[in-house]
Each structure stands twice: as C-alpha cells, then as structure tokens.
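Okay, structure first, notes after.
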Amino acid sequence: KGAVSALLKVLDLLHGGSATHGDLSPANVLVCASERLKLSDFGVARHTLFAKAPTVTGWNPWFAPRGYAGTPGDDVFFMGQLLAMLVAGDASRPFTRSEVGRLPCERRLRTIIQRSIGSAKDRYADAWEMLEALEGRDRRRVPKIRTLTGRLVAFARSEEHTSELQSH
C-alpha cells in the first residue's frame with residue numbers, strides 16, 4: 001500500500017501541474033531496493049494548457065482503457081490495473097472488474113480497484129481522489145480552477161472588512 005501511495009503522490013503532482021503520464025504499464029514501474037516503486041518512461045506524458053485536452057499521440061493499446069484520452073482519469077485506470085496486478089502477483093494481462101472482485105485482499109481495496117478500472121464517468125477524477133480513498137479519507141475535494149475562461153467572476157468586499165480598513 002505504501003509503495004502505491006507514493007506513486008499516487010507523484011501522479012498527484014503531475015495532475016496538479018496539468019500533466020498526465022499516459023502510460024503507467026507494468027514495464028514503466030520499476031521495483032527498486034526496499035520494495036520502492038519508481039515511475040519511468042514519460043515519453044507520452046502530456047500537459048493540458050488553458051483547459052484544452054492534450055493531443056494524444058500514442059498509448060499502449062494492451063493496457064489503456066476504452067476511450068483513452070490521456071486524462072488524469074486514464075492515469076487512475078492504469079493505477080487501478082497496477083494495484084490489481086500487485087495484489088494478484090500477475091502482470092500478464094489487464095484485469096476485469098469481476099476478476100478484481102475475487103482478489104485475495106480486503107473488500108475496501110477491491111472496491112477502490114474496481115472503481116479505478118470502471119467506466120470513465122465512475123472513476124476517481126485524479127490521483128488525489130484515489131489516494132484519499134486508499135488512505136481512508138475518501139471525500140470529494142473542490143476541483144482546482146485552472147482557468148476563468150467562460151466563468152462569471154464577481155468581486156465584493158464585506159462591510160466588516162471595509163470598516164476595519166477605514167479605522168487603520
């Protein structure tokens with residue numbers, strides 16, 4: 001769990017910077033000393049700028065979810081698959097949701113994996129949400145605002161703050 005949490009923290013940093021890895025296959029996760037996992041191969045990593053989806057130029061068809069678009073939710077799918085493979089001790093193929101239901105682990109972990117590899121609309125939005133669930137803090141967070149384009153913005157000042165400023 002600790003090694004997977006560490007990978008999710010790295011992904012959260014990527015997602016927070018408007019980037020996705022895009023190819024979290026077993027071949028791109030290195031197992032190092034002390035059972036530490038390291039993420040490698042950022043060859044298809046993409047940045048989202050100005051709230052526009054990145055242009056996807058390549059992906060691993062063996063491992064990518066249906067409708068792959070290079071989004072943080074797709075990275076979550078990859079992490080769910082990797083977690084299932086680690087629990088099963090089998091990285092020869094992607095897992096289905098029903099196969100995950102039979103994994104030898106606690107029910108909560110199976111539920112997290114199933115949600116991660118489920119349909120795009122039901123998946124965790126990004127690595128942070130999956131990490132929160134894995135660490136037992138499964139709550140919704142307010143999404144980061146990446147642009148104000150198309151949003152109504154209003155500025156207001158409170159009477160309390162105004163009178164405080166006038167007294168100084």
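Because only heavy atoms are used, hydrogens play no part in the values below, and waters and symmetry mates are left out as well, while side chains stay in.
Cluster membership check: L13 does not share its hydrophobic cluster with L131, using side-chain heavy-atom separations under 4.5 Å among Ile, Leu, Val, Met, Phe, Trp and Tyr. One hydrophobic cluster, built from ILVMFWY side chains closer than 4.5 Å, cannot hold both L30 and L37; they sit in different ones.
Remark: I117 CD1 to T96 OG1 distance equals 6.5 Å, nearest 0.5 Å. Rounded to the nearest 0.5 angstrom, Y124 OH and E129 CD are separated by 8.5 Å.
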For T111 and R115, run side-chain contact (heavy atoms from CB on, under 4.5 Å): C-alpha distance rounded to whole Å, both residues' side-chain angles, the deciding distance at 0.1 Å, then the answer. CA-CA 6 Å; T111 301; R115 180 171 172 191; 5.6 Å; no
Step by step, work out the side-chain contact (heavy atoms from CB on, under 4.5 Å) result for R36 and K38. CA-CA 7 Å; R36 291 178 52 182; K38 290 191 178 183; 4.0 Å; yes
Show, in sequence, the C-alpha distance, side-chain angles and deciding distance for E106 and L109, and conclude whether the side-chain contact (heavy atoms from CB on, under 4.5 Å) test is met. CA-CA 6 Å; E106 61 186 59; L109 185 56; 4.0 Å; yes
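In this structure the side chain of P26 reaches within 4.5 angstrom of the side chain of F63, judged on heavy atoms.
In this structure, R93 places its CZ atom where more than 12 heavy-atom neighbours from other residues, nucleotides or ligands lie under 6.0 Å away.
Under the 3.5 Å distance criterion, the side-chain polar atoms of R97 are matched with a main-chain donor or acceptor of Q114. Between the side chain of R108 and the backbone N or O of A133, at least one donor-acceptor pair lies under 3.5 Å.
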Donor-acceptor contacts under 3.5 Å from residues 73-88 side chains, at least two apart:
from, atom 1, to, atom 2, distance (Å)
D74, OD1, R123, NH1, 3.4
D74, OD2, A69, N, 2.7
D74, OD2, G70, N, 2.9
D74, OD2, T71, N, 3.2
D74, OD2, T71, OG1, 3.3
D75, OD1, G22, N, 2.9
D75, OD2, H15, NE2, 2.9
D75, OD2, H21, N, 2.9
Q81, OE1, F95, N, 2.6
Q81, NE2, F95, O, 2.8

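Contact between P72 and T20 at its shortest, heavy atoms only, is N-CG2, 3.4 Å.
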